[in-house]
2 protein chains.
Amino acid sequence: MGRRYRGTGRQRRSNCPIACTLDLVGDRWSLLIVRDLLLGKTRFDEFLASEEGIATNILSSRLKVLENLGFVDRKGDDRDGRRVQYSLTTSGKLLGKLVQGIADWGLRNLPQTTLAPDGGK
Amino acid sequence: MGRRYRGTGRQRRSNCPIACTLDLVGDRWSLLIVRDLLLGKTRFDEFLASEEGIATNILSSRLKVLENLGFVDRKGDDRDGRRVQYSLTTSGKLLGKLVQGIADWGLRNLPQTTLAPDGGK
DNA sequence: CAGTATCCTGAAAGATACTG
DNA sequence: CAGTATCTTTCAGGATACTG
């Protein structure tokens, strides 16, 4: 139950908005989860199924961080633990815009990058 | 003299433009160097002086990667090793646009982030 | 000034087994 | 289905000394 406000738990290196963003969500997985949410995925298993292959413990941890940061909303049907749904908050959608910017840049500037052939699922 | 095309040397996890971008420049330091270049810094020592405190070996390594990726140009006065100048290539400036997008997002969405008080140097 | 070369450590990630 | 709990590994990053 360790209290950690920020992202991957790193210390904030400076007040630079770029450095802070990196310290918050600049890890290997967070933005890919945001991507999946943008694509309409809502469930734990769907994130797990993405081709990059995140581990369950990492996914769980990142979802909690994103929730704590106010980017992700978790709707839990808690007595039936099988209907949990994740979605982007308003704030998370703004982060999603940034993720889309990254996608746009990647598509234009990195050879052999393509949008997911599964069309979002 | 190990040959590594990509960024931090990670394997490409997928063809997703977001994942590839992260694998390429999604580490703790690369985009901060791009930031410094945007701010007009050109010399090794200037990057070292940034408040986040990058180590010499990491800086050296990242500059090489960014150069190999075509984002950074190194103008070396090689017999006088004291006049090396780094700058963004055309391609690097496009990456710079992405970095600015991150800065904008950070400024709007992360409390207590501010632009560098040193005004770019 | 602009790096290289080592050594070392911690934390992030990965693998796996298990649970309500 | 949606996680938790461990254990292990790796490797990116940090510290430091040295060099042309």
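Below, chains carry the letters A, B, ... as their sequence lines are ordered, and counting in each starts from 1.
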Within less than 4.0 Å of OP1 or OP2 of D:dG14, is there a side-chain N or O belonging to B:Arg28? yes
Dot-bracket for DNA chain D, please, read 5' to 3', with Watson-Crick or G-U wobble pairs under 3.5 Å on both distances, ( ) within the strand, [ ] crossing, | other strand, . unpaired. ||||||||||||||||||||
To the nearest 0.5 Å, tell me how far A:Arg108 CZ sits from B:Leu98 CG. 12.0 Å
What is the distance from CZ of A:Phe47 to P of D:dG3, rounded to the nearest Å? 10 Å
Rounded to whole Å, CG of A:Asp36 lies from C1' of D:dA2 at a distance of 16 Å
Using a cut-off of less than 4.0 Å, is there contact between a side-chain N or O of B:Thr56 and OP1 or OP2 of C:dG3? no
DNA chain D nearest-nucleotide lookup for A:Asp45 and B:Ile58: closer to the 5′ end is A:Asp45
Would you kindly give the CG-to-P distance between B:Leu59 and C:dT4, to the nearest whole Å? 10 Å
Nearest-nucleotide 5' precedence on DNA chain C, B:Arg43 against A:Ala55: B:Arg43
B:Asp27 atom CG is separated from D:dG14 atom P, nearest whole Å, by 10 Å
Establish, with yes or no, whether the OP1 or OP2 oxygen of D:dG3 is under 4.0 angstrom from a side-chain nitrogen or oxygen of A:Tyr86. yes
Across all chains, not counting sequence neighbours, the salt bridge (Lys or Arg N to Asp or Glu O under 4.0 Å) partners of B:Lys97 are none
Can you find a donor-acceptor pair, distance only, under 3.5 Å between B:Asn57 side chain and C:dG3 base? no
Value in whole Å for how far the P atom of C:dA12 lies from CG of A:Asp23: 11 Å
Shortest non-hydrogen contact from A:Val84 toward A:Arg43: O-CG, 3.4 Å
Atom pair CZ/NZ of A:Phe71 and A:Lys93 - distance to nearest 0.5 Å: 14.0 Å
Ranking B:Trp29 and A:Lys64 by the position along DNA chain D of their nearest nucleotide, the one closer to 5' is A:Lys64
